[in-house]
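Reviewing the structure listed below.
Chain letters run A, B, ... following the sequence lines, proteins first and then strands; every chain starts at 1. FYI, side chains are in, hydrogens and waters are out, and symmetry mates aren't considered; it's all heavy atoms of this structure.
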Amino acid sequence: VYVHNVFLRCLCRARKLGEAMQILERMAENGCHPDVVSFTTVIDGLFKVERVQDAFELWYKMLGLGFLPDSVACAALIHGLCSLGKIDEAYELFVKMIKKKVVLDVSVYNALIGGFCKCGKGSRAEILSAFMERNGCSPDVVTYNTLINLYSKEGRLNDSQRLIMKMVGKGIAPNSYSYNELIDGLCRANKIDKAYAIMCQKMEASGLTDVVSYNTLMNALCKSRNSGKAYNLCHEMLQKGIYPDTVTYTTLVNGFFRENDPEFAVELFHEMLGRGLAPDAIAYTSVIDHFCRLDKIDEAFDMFYDMIRKGCTLDVIAYNSLMYGLCKSFRVHEALELFEEMTKTGCNPDEHTYNLLIGGLCRERRFINMARELWYQMMEKGYVL
RNA sequence: UGUUCUUGGUUUGACA
């Protein structure tokens with residue numbers, strides 16, 4: 001079963017859910033009966049490719065076979081729903097569980113608290129974290145981190161710091177997530193020096209500084225047009241034995257493109273390849289986007305094909321970037337072809353897609369009717385121009 | 001062997 005489960009996980013991570021489901025079906029025939037772990041793995045995988053319906057069917061199938069979902073399975077279900085914006089359904093399930101007097105694990109609470117945070121209902125997240133205590137479930141480091149992140153994103157830096165003090169007081173040691181979230185909050189409030197100080201003083205002391213800490217600082221520097229300073233941090237991190245990753249490079253590449261140094265940006269991209277770091281969809285899209293802005297559509301397309309060749313999943317942002325570039329170069333027609341393609345491949349257009357296409361179509365009088373058509377389509381989906 | 005928390009990519013406008 002272990003081997004099968006590991007294999008299932010691999011398939012899910014490669015987004016091969018069809019195969020994963022087949023394997024799951026056939027396991028019993030091969031005399032290897034799937035367990036809760038097998039089901040949870042695939043259910044989680046289905047959510048990650050947004051197949052809610054299938055995930056639910058598998059969940060009920062699991063129940064039907066007499067399996068009792070454990071806390072990990074419950075958390076996976078709740079989180080899956082939340083990650084697709086179905087917070088109300090997640091909450092309903094949660095309430096049902098409470099009513100049945102099921103003893104909920106801290107990770108189930110955490111999943112729901114995170115869901116509330118993500119959809120902008122921070123106050124409900126706070127309420128829930130207070131509720132869990134009363135219900136006999138103590139918050140753990142993840143609970144605290146979830147709230148620290150919330151506060152940091154909302155700019156409530158004092159609350160973030162207060163929470164770190166509080167967890168220490170309760171004997172829960174803050175980890176790198178806790179501090180990285182705080183650092184990120186400080187950076188977003190333009191307090192980069194303070195963020196750096198905390199990294200050096202608090203994190204360094206407990207060996208918590210990691211690549212994410214540096215990436216966070218470097219991103220802040222790049223955003224404030226100090227990409228050079230960000231780049232210099234590379235040396236410092238290497239001295240500490242922390243190695244730049246794909247995120248580091250992507251951050252810098254974007255920084256230098258934005259500061260009108262495309263040559264160095266491209267050089268960094270190649271340096272990344274040279275170090276054996278595989279660019280992901282975000283790294284590719286960044287370069288594609290900047291090439292488009294520089295009217296280097298052909299180079300952008302080269303990257304796009306490269307990205308496909310490497311098996312990166314083309315997401316809505318990748319399509320949007322390229323379509324934007326095409327519109328900008330008055331190649332609206334090709335943009336519309338891509339639009340069709342993305343719809344066919346099951347990549348759903350978002351608000352940005354419609355805005356950019358309509359913007360592109362309006363630039364030429366002859367396309368004005370098509371613009372109108374898209375506008376109606378957009379409104380049907382509940383987007384606003 | 002499975003779940004929950006942190007960093008990087010896309011649209012338009014207003015003001016200056």
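A side-chain donor from one of A/Asp350 and A/Thr353 sits under 3.5 Å from a side-chain acceptor of the other. A/Asp35 and A/Ser38 are linked by a side-chain donor-acceptor pair at a separation below 3.5 angstrom, with hydrogens and angles left out of the test.
Whole-Å rounding puts the A/Asp140 CG to B/U6 C1' distance at 15 Å. Rounded to whole angstrom, the span from the CG atom of A/Leu221 across to the C1' atom of B/G8 amounts to 14 Å. The CH2-P distance, from A/Trp59 to B/U3, rounds to 14 Å in whole Å. Between A/Ile282 atom CD1 and B/U7 atom P there is a gap of 11 Å when expressed in whole angstrom units. Protein atom CG of A/Asn180 is 9 Å distant from nucleotide atom P of B/U7, rounded to whole Å. In this structure, the CG atom of A/Leu374 is 16 Å from the P atom of B/U12, given to the nearest Å. Rounding to whole angstrom units, CG of residue A/Leu84 and P of B/U3 are separated by 16 Å. Note: OH (A/Tyr179) to C1' (B/C5) measures 16 Å, nearest angstrom.
Within 4.0 Å (heavy atoms only), A/Val36 reaches at least one base atom of the nucleic acid. Note on A/Thr246: a base of the nucleic acid sits closer than 4.0 angstrom, heavy atoms only. Among the atoms of the strands shown, none is found under 4.0 Å from any heavy atom of A/Lys328. Contacts of A/Asp70 with the nucleic acid, taken as non-hydrogen atoms under 4.0 Å apart, include base atoms. Across all strands, A/Asp315 comes closer than 4.0 Å to base atoms (heavy-atom distances). Within the nucleic acid shown, A/Arg13 has no heavy atom closer than 4.0 Å to any nucleic acid atom. Residue-level contact check: A/Ser107 touches the bases, meaning some heavy atom is under 4.0 Å from a base atom. Nucleic acid contact class of A/Ala111 (heavy atoms, under 4.0 Å, all strands): sugar-phosphate only. Contacts of A/Thr250 with the nucleic acid, taken as non-hydrogen atoms under 4.0 Å apart, include base atoms. Heavy atoms of A/Leu356 sit under 4.0 angstrom from primed sugar atoms or phosphate atoms, though from no base atom. Residue A/Thr40 is classed as a base contact, given a heavy-atom separation below 4.0 Å to a base. Nucleic acid contact for A/Asp280: base, since at least one base atom lies under 4.0 Å from a heavy atom of the residue.
In the set B/C5, B/U11, B/U1, the nucleotide with an atom closest to the side chain of A/Tyr177 is B/C5. Distance from the side chain of A/Asp184 is smallest for B/U7 among the nucleotides B/U11, B/U7, B/G9. With distances taken from any side-chain atom of A/Val37 to the nucleotides B/U6, B/G2, B/G9, the minimum falls on B/G2. Across B/U3, B/U10, B/U7, the shortest atom-to-atom separation from the side chain of A/Val247 is found for B/U7. With distances taken from any side-chain atom of A/Asp289 to the nucleotides B/G9, B/U7, B/C5, the minimum falls on B/G9. Each of B/U1, B/G8, B/U3 was ranked by its minimum atom distance to the side chain of A/Ala283; first place goes to B/G8. Nearest nucleotide to the side chain of A/Lys48, out of B/U4, B/U11, B/C5: B/U4.
A/Ser213 places no side-chain N or O within donor-acceptor distance of the main-chain N or O of A/Thr209, the cut-off being under 3.5 Å. Counting only distance, with no hydrogens or angles, the side chain of A/Asn254 and the backbone of A/Thr250 share a donor-acceptor pair below 3.5 Å.
Residue-to-nucleotide contacts include no donor-acceptor pair under 3.5 Å from the side chain of A/Asn355 to the base of B/U12. Side-chain atoms of A/Thr251 stay outside donor-acceptor range of the base of B/G8, with no qualifying N/O pair under 3.5 Å. In this model, a side-chain donor or acceptor of A/Thr285 finds a partner on the base of B/G9 within 3.5 Å.
When ring centroids are compared, A/Tyr284 and A/Phe304 stay outside the 6.0 Å threshold. Aromatic rings of A/Tyr249 and A/Phe269 (six-membered ring for Trp) have centroids beyond the 6.0 Å cut-off, not under it. For an aromatic pair to be called close, the ring centres must be under 6.0 Å apart, and A/Phe291 with A/Phe301 fails this.
Stacking between A/His352 and the base of B/U11 is absent under the criterion of ring centres within 5.5 Å and planes under 30 degrees.
The side chain of A/His79 contributes an N or O atom lying less than 4.0 Å from OP1 or OP2 of B/U4. OP1 or OP2 of B/G8 has at least one side-chain nitrogen or oxygen of A/Asn219 nearer than 4.0 Å. Put simply, A/Arg9 has no side-chain N or O that comes within less than 4.0 Å of OP1 or OP2 on B/U1. Within the 4.0 Å cut-off from OP1 or OP2 of B/U12, at least one side-chain nitrogen or oxygen of A/Tyr324 is found. At B/C5, none of the side-chain N or O atoms of A/Lys153 fall inside 4.0 Å of OP1 or OP2 (strictly under the cut-off).
Within 6.0 Å of atom OH in A/Tyr151, more than 12 heavy atoms from other residues, nucleotides or ligands are found, so the atom counts as buried in its surroundings.
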